[in-house]
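So the structure is just underneath, and the comments pick up after that.
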Amino acid sequence: MKDVLLEKMSYDLLLKKEQIIHLILSAPHRYKVYQIPKKSGAGMRTIAQPAKEVKILQYWVIENCFPLMPIHRAATAYVKDKNIRDNCEPHIKNPYFLKLDFKDFFPSIKSDDFIQYMKNIGNITFDDIDIQRLARILFWCPKEYTGLQLSIGAPSSPYLSNAIMYRFDNEIDLYCTQHNISYTRYADDMTFSMLDKTLRENVQQKVIELLQSIPFPQLELNNKKTIWGSKAHRRMITGLIISNDEKISLGRERKRRIRAQLNYAINGKLTPEQKKSLSGMLAFVRNIEPDFVLRLEKKYGRELISNLR
């Protein structure tokens, strides 16, 4: 059925089809681009935020198309009701782990990957023209690049990356299940844990082989971030610590900073914005290590903690 996408978008957004076509054609170029330092301190990260009118189209796609795109259970980033604790918990009981990282994860996912994905997914029936239109809505065109790539900064990018990674996640998870290995992926950060340390090299080779064999997306490992760990060393997964008694912790340094901020709050040395930030941090901590929050309430008083909200 021709123009299914335009008909639905026009009806929902109260825009003429001609207006939507004009927006779609120019959408990949309507981005505000800036750079921020990478957390590692090594270089800069390019952020590309879509213009307001492009975001409107992207949010429409998020609401109407994304629910039809399956996300694998191993994916824990950008998933409703999941957080970094969910990425950490499957690995609690395993003494050995391997962490692998994708190089330039979002920018490496191209519009052609999305087009192949859409043509292979069974429950979406858009024709080729509509799939091309969706690609222009969801992908960004850097000035120095002739193709379209996933941007860091678009509201649709996180979920879309998980959807396009479904085949990879599924095949790796099947392999890991067969070999009694736990696998989770938090965006570009993969974690594997096991009882047998000799399996780590096998897993790494399996990932390399799969990346070379699957038709999309075309990803590479960032070998500088490969980590082989065990109980003999601190086991950190997505910023959380797994203790040798199989508990998940925020880590001493983060707890120290939180206590310092609470002391500042007691002495009236926090601005309203800093109080709001501390409140958000405590809400996060309550989901990760609730016992720590209870100890803070006992030491500083529940009223102080509550007044930060």
Side-chain angles (χ1 to χ4, degrees), residues 39-41 72-102 169 172-173 176-177 179-204 207 221-265 277-302 304-305 308:
K39 288 183 179 179
S40 64
H72 196 273
R73 58 188 171 87
T76 57
Y78 323 123
V79 179
K80 186 179 179 182
D81 298 327
K82 285 188 177 182
N83 57 37
I84 57 175
R85 183 182 179 94
D86 297 287
N87 190 65
C88 197
E89 280 187 329
H91 309 287
I92 287 178
K93 294 185 180 298
N94 291 331
Y96 302 101
F97 73 86
L98 168 68
K99 290 170 64 176
L100 301 175
D101 192 273
F102 291 120
D169 287 335
I172 286 295
D173 186 64
C176 289
T177 299
H179 295 84
N180 197 27
I181 300 167
S182 296
Y183 164 62
T184 58
R185 181 181 59 80
Y186 196 88
D188 58 352
D189 187 348
M190 294 169 283
T191 303
F192 305 85
S193 63
M194 62 286 292
L195 297 173
D196 181 357
K197 65 180 179 180
T198 63
L199 291 175
R200 292 179 293 189
E201 188 172 349
N202 296 344
V203 171
Q204 186 172 13
V207 171
L221 292 180
N222 184 349
N223 293 322
K224 292 180 181 179
K225 292 188 175 181
T226 298
I227 297 174
W228 301 53
S230 70
K231 275 190 173 183
H233 305 89
R234 188 174 69 159
R235 290 180 294 166
M236 178 181 286
I237 298 174
T238 46
L240 299 179
I241 307 297
I242 298 180
S243 63
N244 285 344
D245 58 355
E246 299 179 356
K247 292 182 179 179
I248 296 175
S249 172
L250 297 161
R252 292 179 181 176
E253 180 57 27
R254 187 177 288 176
K255 290 178 181 179
R256 186 195 65 77
R257 290 199 301 267
I258 291 172
R259 292 191 190 97
Q261 288 291 300
L262 283 170
N263 285 320
Y264 281 131
S277 176
L278 179 55
S279 176
M281 173 58 73
L282 289 171
F284 163 77
V285 172
R286 198 178 294 274
N287 287 326
I288 303 300
E289 195 174 349
D291 288 347
F292 177 61
V293 177
L294 292 176
R295 293 197 298 273
L296 292 176
E297 289 178 343
K298 185 176 180 179
K299 179 177 180 178
Y300 296 98
R302 184 173 296 177
L304 172 66
I305 306 296
L308 291 171

Point to revise | From CG (N94) to CG (L195), nearest 0.5 Å | key: 5.0 Å
Check your understanding: Hey, is the main chain of L278 close enough, under 3.5 Å, to the side chain of Q261 for a donor-acceptor pair?
Key -> no
Check your understanding: Got a salt bridge between E297 and R286, using NZ or NE/NH1/NH2 to carboxylate O under 4.0 Å?
Key -> yes
**Study point:** Min side-chain heavy-atom separation M194-R200 under 4.5 Å
**Key:** yes
Check your understanding: Between atom CD1 of I242 and atom CD of E246, what is the distance when rounded to the nearest 0.5 Å?
Key -> 9.0 Å
Review point. With D189, which residues qualify under side chain to side chain donor-acceptor pair (under 3.5 Å), at least two apart?
Key: none
Exercise for review: Inspect the contact between K224 and D101 and indicate whether a charged nitrogen and a carboxylate oxygen are less than 4.0 angstrom apart.
Suggested key: no
Review point. Distance under 6.0 Å and angle within 45° of the ring axis: does K255 meet both against F292?
Key: yes
Point to revise | Heavy-atom check, side chain of I241 versus side chain of I248, under 4.5 Å | key: no
Practice item. Supply the atom-to-atom distance H72 NE2 to T184 OG1, rounded to the nearest 0.5 angstrom. Key: 12.0 Å
**Study point:** Side-chain (R185) to main-chain (M190) donor-acceptor, under 3.5 angstrom
**Key:** no
Exercise for review: Output every pair passing side chain to side chain donor-acceptor pair (under 3.5 Å) with a member in residues 226-240, not counting sequence neighbours, ordered by first then second residue.
Suggested key: N87-T238
Revision key, fill the gap. dist L296:CG -> E289:CD (nearest 0.5 Å) comes out at 9.5 Å
Practice item. Show your reasoning for whether side chain to side chain contact (heavy atoms under 4.5 Å, CB included) applies to I288 and I84. Key: CA-CA 8 Å; I288 303 300; I84 57 175; 3.9 Å; yes
Exercise for review: Not counting sequence neighbours, which residues clear side chain to side chain donor-acceptor pair (under 3.5 Å) with N223? List them please.
Suggested key: none
**Study point:** Distance-only side-chain donor-acceptor flag, H91 / T191, under 3.5 Å
**Key:** no
Point to revise | Closest non-hydrogen atom pair, P90 against S182 | key: O-OG, 3.2 Å
Practice item. Please say whether more than 12 non-hydrogen atoms of neighbouring residues, nucleotides or ligands are located less than 6.0 Å from CD in E201. Key: no
**Study point:** Heavy-atom pair with the smallest gap, counting every atom of R254 and L240
**Key:** NH1-CD2, 4.1 Å
**Study point:** Atom OH of Y300 with >12 non-hydrogen neighbours under 6.0 angstrom
**Key:** yes
Review point. For the atom pair CD1 (I237) and CD1 (I92), what is the distance rounded to the nearest 0.5 Å?
Key: 9.0 Å
**Study point:** Sole residue of D169, T177, D173 in side chain to side chain donor-acceptor pair (under 3.5 Å) with Y183
**Key:** D169
Review point. Would you call P290 and L294 a side-chain contact if the rule is heavy atoms closer than 4.5 Å?
Key: no
Check your understanding: Step by step, would you call D86 with Y186 a side chain to side chain donor-acceptor pair (under 3.5 Å)?
Key -> CA-CA 10 Å; D86 297 287; Y186 196 88; over 6 Å; no
Review point. Can you tell me if CG on N222 sees more than 12 non-hydrogen neighbours from other groups inside 6.0 Å?
Key: yes
Review point. Got a second to check how far F192's CZ is from I181's CD1, nearest 0.5 Å?
Key: 8.0 Å
Check your understanding: Quick one: does K197's side chain have a donor or acceptor within less than 3.5 Å of a partner on P95's backbone?
Key -> no
